[in-house]
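Take a look at the structure set out below.
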Amino acid sequence: MITVAEVIVDVAAYPVDRPFDYLVAPEMAAIIEVGSRVKVPFGPRNVLGFVVAIKDNTDISMNKIKPVAQLLDIEPVLTHEMLELAKWLKQETICYEIDALQAMLPSALRAKYEKIATLQTEIEFLPPALQEVFRTSHKINVKVFEKNNLLNELKQALNDKHISIENIVKQKGKVKEIRKVEILDDSIKLSEIVDGISNRAKKQKQLVLWMQNHQGEIMDPNVIYKEAGVSPQVLQAVVELGAASFIQQEVYRDPFTKEVKRTNFLNLTDEQDIALNKITAAINEKRPETFLLHGVTGSGKTEIYLQTIAKVLAEGKEAIVLVPEISLTPQITERFRSRFGELVAVMHSGLSVGEKYDEWRKVHEGKVKVVVGARSAIFAPFENVGVIILDEEHESTYKQEDSPRYHARDVAIWRSQYHHCPVILGSATPSLESFARAKKNVYTLISLKERALKQSLPTVEIVDMREELKKGNRSMFSMDLAESIQTRLDRQEQIVLFLNRRGYSSFVLCRDCGTVLQCENCDISLTYHRSNEKCKCHYCGYEIHVPKTCPQCQSDHIRFFGTGTQKVEEEIAKLFPQARVLRMDVDTTKTKGSHEQILEAFGEGQADILLGTQMIAKGLDYPNITLVGVLSADTSLHLPDFRAAEKTFQLLTQVSGRAGRHNKPGEVFIQTYTPEHYAIELSKAQNYEPFYEREMHMRHQAGYPPYYYLALIQVSHEDVLMAADYAGKAVDWLRSQLSSNISIIGPTASGISRLQNRYRYQCLIKYKIEPELIPTLMQLIKIYRSDWIKKGILLTVDLDPTMI
DNA sequence: AGCACGCCGACT
DNA sequence: GTCGGCGTGCTC
């Protein structure tokens with residue numbers, strides 16, 4: 001009898017994107033499990049891999065098959081569900097299986113590959129340059145030689161067998177352990193020890209006597225020093241006597257900064273109650289039903305989530321809650337933690353690698369029952385999921401932009417079918433796709449039309465900035481908005497000013513020749529950062545110091561345009577010198593926790609005006625905010641994206657929802673140069689359905705989702721002609737393969753036509769139901785991988801792209 | 001993707 | 001004669 005493991009290896013390449021068979025040594029056979037990570041020899045090196053199946057036979061000949069080198073997990077890190085899900089993702093998004101598997105785990109569990117050179121002979125045999133390096137240690141990372149340009153010497157030394165090189169595979173993250181003291185649980189022994197201590201060792205005696213009252217306890221050494229009144233040396237001595245021992249205890253890193261108070265259920269409105277009943281019915285009947293919870297801002301969606309989760313927990317099941325990254329503020333997570341306490345794990349990008357790993361371990365080890373997290377939390381390894389919630393389901397952050405290009409909504413629905421549990425998609429402004437599905441009864445629509453505390457929605461004024469210009473007002477504030485700001489300042493109420501960031505980003509311009517500083521690698525202008533006087537490319541990271549003279553004409557008339565928010569801040573200071581302003585944008589939220597600090601300061605009333613970008617549109621819920629101003633609603637409207645109108649409407653509705661959420665009524669001003677555009681006009685009434693109807697009509701005419709599906713193909717190369725040529729080849733081939741009901745648009749240059757020194761072309765495919773499409777695209781990828789890739793072409797396929 | 005193998009040009 | 005360039009092909 002032999003044991004054979006099928007392993008997916010950690011090599012993202014087409015020819016090896018399949019399981020490889022490995023022998024399992026008899027002593028490993030009893031503990032190896034499907035879903036465990038292993039170290040396996042692959043070609044000339046060792047790599048990490050995932051066991052996807054275990055069997056007792058193989059088609060591989062015995063002289064070819066190799067054994068598993070090491071089992072890395074005692075407990076498997078992936079469930080059967082996750083392995084199934086990975087196969088589905090591979091099909092659905094056309095990605096490598098290994099990418100899908102890695103996406104489900106915290107990065108701490110990924111492999112770290114290191115090459116270590118070890119000295120094999122006397123150091124004198126080596127050339128002097130190498131001697132110098134090996135003097136510090138006989139084991140040196142090969143990277144050190146790369147840095148010092150000593151690779152050739154190293155190779156020579158390897159040939160002469162003076163050194164050896166080994167590839168080692170390590171895990172990135174570690175389990176954190178702390179030192180604790182375990183006190184002996186044996187009163188007789190302890191008494192004996194006390195008796196045996198000489199009278200001169202008073203402190204030791206004192207400590208052991210104290211320990212007799214804490215038998216068997218595991219304690220922090222610092223607590224012992226304090227409570228028993230002894231020093232570390234005394235404890236050390238007592239440990240040597242055998243009265244206690246040091247142990248390493250695994251702990252979770254604690255990402256929470258402060259304690260939260262427990263809260264109880266709020267009373268539900270009739271609407272909320274009906275919604276909750278519908279959802280709990282699905283839970284009880286184990287129906288994998290998808291609910292679209294469409295509720296106006298402030299209608300109390302979160303309370304419905306909380307009570308649904310309580311119900312799920314009572315059934316002994318678990319809950320997954322997804323929130324867009326940007327709104328994963330303590331305000332939101334605290335609501336969950338205050339209701340469910342220690343049963344909640346939080347996962348978002350603000351955590352360190354170690355913290356993420358620990359939050360994941362809490363789920364894996366069954367220590368928590370609820371996960372609140374960003375997109376990747378959809379892979380939380382629960383085994384008995386009772387409900388999956390996507391808050392703000394329309395948010396584009398739920399779509400991953402690189403491989404595996406999955407949409408968290410699709411994964412949620414897949415998992416709900418696996419676990420026979422409902423999914424709740426919540427939003428005040430659902431995506432057109434979801435609302436359309438709800439109308440077709442694919443999803444169950446639940447509407448909340450009233451705010452939970454019966455507050456009226458804020459009144460919305462649309463201000464035509466063209467009129468302001470005619471009146472000679474060239475400031476960023478219309479007369480009406482300026483007046484309202486003054487009123488709030490007088491009344492000591494709070495104001496939120498929102499700047500639609502795009503189109504306002506800062507840049508450096510020469511006033512003589514009009515040159516705008518461009519990135520060397522990308523077709524995009526550099527962003528000016530005042531904090532360190534640098535210009536940075538937000539796409540590739542290219543960075544230069546602000547030049548003193550124009551690189552084109554050597555003129556010194558260089559002008560910096562600060563970020564939009566900085567400019568607005570300056571203008572506020574001029575117009576309302578008494579106002580205290582908090583600014584929230586990429587510049588002020590760079591450091592960890594600054595995001596929270598700003599919000600907290602505002603919540604405590606330390607400022608009158610909160611000025612910010614996208615970031616402040618969500619989750620903000622303070623009773624004293626009575627005025628919201630959108631300085632320029634247009635910027636997102638004119639983006640070359642078929643969802644521009646939808647995004648603008650969503651943003652305006654979200655922002656407006658920040659005002660008057662409690663007992664003081666709210667007022668909203670939306671400034672625009674195109675007040676007649678339906679996305680702006682209809683946001684005044686804050687009524688979703690008229691907008692939906694209007695936008696659906698547009699999508700129908702233009703042939704966009706939800707009427708058609710999309711696929712985006714991108715081709716890039718360092719050379720423009722090559723990129724264009726091969727994009728053309730791809731399109732020609734697709735046209736020859738696909739039926740005529742599929743429209744293929746392109747190839748055209750991408751929005752950012754050059755990125756990281758690569759020219760990019762793209763082609764958009766619009767289709768209805770086309771079972772042949774995915775196989776055809778896979779065929780295209782095959783052609784690309786067998787031939788084009790060698791020419792330096794890069795081709796990617798995104799099914800269901802969000803950005804075009 | 002890596003890495004070894006293998007076959008041709010410029011050096012001691 | 002040898003080092004080292006990168007085309008080709010394989011990885012249980």
Side-chain angles (χ1 to χ4, degrees), chain A residues 2-26 28-29 32 34 36-72 83 90 94-103 107 110-117 127 129-130 141-143 145-146 149-170 172 402-404 716 718 758 781-796:
Chain A
I2 54 164
T3 309
V4 174
E6 287 186 13
V7 176
I8 298 284
V9 292
D10 180 18
V11 181
Y14 175 65
V16 294
D17 186 27
R18 62 190 171 84
F20 283 80
D21 284 2
Y22 285 90
L23 278 178
V24 180
M28 200 190 279
I32 199 166
V34 167
S36 293
R37 290 170 310 147
V38 285
K39 191 170 100 177
V40 289
F42 194 65
R45 64 205 167 157
N46 279 321
V47 294
L48 178 131
F50 292 91
V51 178
V52 293
I54 292 173
K55 55 191 185 181
D56 57 12
N57 60 78
T58 176
D59 298 333
I60 306 300
S61 76
M62 278 302 134
N63 52 32
K64 211 178 173 192
I65 196 165
K66 293 176 184 172
V68 172
Q70 197 190 340
L71 177 63
L72 297 171
L83 297 176
K90 178 181 176 176
I94 319 188
C95 68
Y96 299 121
E97 197 163 338
I98 188 69
D99 280 346
L101 292 169
Q102 301 267 33
S107 61
R110 293 203 181 179
K112 201 165 85 178
Y113 297 100
E114 276 175 2
K115 278 196 249 168
I116 304 289
L130 291 186
N141 195 320
V142 172
K143 267 195 195 146
F145 298 97
E146 265 170 47
N149 244 339
L150 291 168
L151 274 189
N152 287 338
E153 288 84 345
L154 194 72
K155 224 173 197 173
Q156 189 60 49
L158 181 66
N159 282 344
D160 298 343
K161 302 228 158 59
H162 290 148
I163 60 147
S164 66
I165 290 183
E166 56 179 338
N167 287 296
I168 54 172
V169 185
K170 275 203 282 193
K172 267 191 188 155
D402 42 44
S403 175
S716 73
E718 287 176 8
R758 302 183 68 88
I781 287 174
K782 236 179 201 166
I783 297 172
Y784 149 70
R785 278 167 178 159
S786 61
D787 186 26
W788 301 6
I789 202 165
K790 291 177 202 137
K791 300 189 170 78
I793 300 280
L794 233 129
L795 180 144
T796 58

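The sequence lines fix the lettering, A, B, ..., with proteins before strands; numbering per chain opens at 1. Not measured: the values here are computed from a predicted model.
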Subject >> Set of ring pair (Phe, Tyr, Trp, His ring centres under 6.0 Å) partners for A:Tyr96, sequence neighbours left out >> reply: none
Original post:
With A:Phe145, which residues qualify under ring pair (Phe, Tyr, Trp, His ring centres under 6.0 Å), at least two apart?
Top reply: A:Phe134
Got a sec, which residues hit side-chain hydrogen bond (donor to acceptor under 3.5 Å, both in side chains) with [X], two or more places apart in sequence or on another chain?
X        : result
A:Ser403 : A:Asp99
A:Asn63  : A:Ser61
A:Tyr113 : A:Asp10
A:Ser107 : none

Original post:
Taking only residues at least two apart or on different chains, which pairs with a member in residues 42-61 of chain A satisfy salt bridge (Lys or Arg N to Asp or Glu O under 4.0 Å)?
Top reply: A:Glu6-A:Lys55, A:Asp21-A:Lys55
Original post:
What are the bounds, 5' to 3', of the part of DNA chain C that sits under 4.0 Å from heavy atoms of chain A?
Top reply: C:dT11 to C:dC12
Original post:
What residues, two or more places apart in sequence or in another chain, satisfy salt bridge (charged side-chain N to carboxylate O under 4.0 Å, His left out) together with A:Lys39?
Top reply: none
**OP:** Kindly write out the residues that satisfy side chain to side chain contact (heavy atoms under 4.5 Å, CB included) with A:Lys115, not counting sequence neighbours, or none if the list is empty.
**Re:** A:Val142, A:Ile165, A:Asn167
Original post:
In residues 54-64 of chain A, what residues come within less than 4.0 Å of DNA chain C, judged by heavy atoms?
Top reply: A:Ile60, A:Lys64
Original post:
In residues 37-53 of chain A, which residues come under 4.0 Å of DNA chain B by heavy atom?
Top reply: A:Pro44, A:Arg45
Subject >> Over 12 foreign heavy atoms within 6.0 Å of NZ, A:Lys66 >> reply: yes
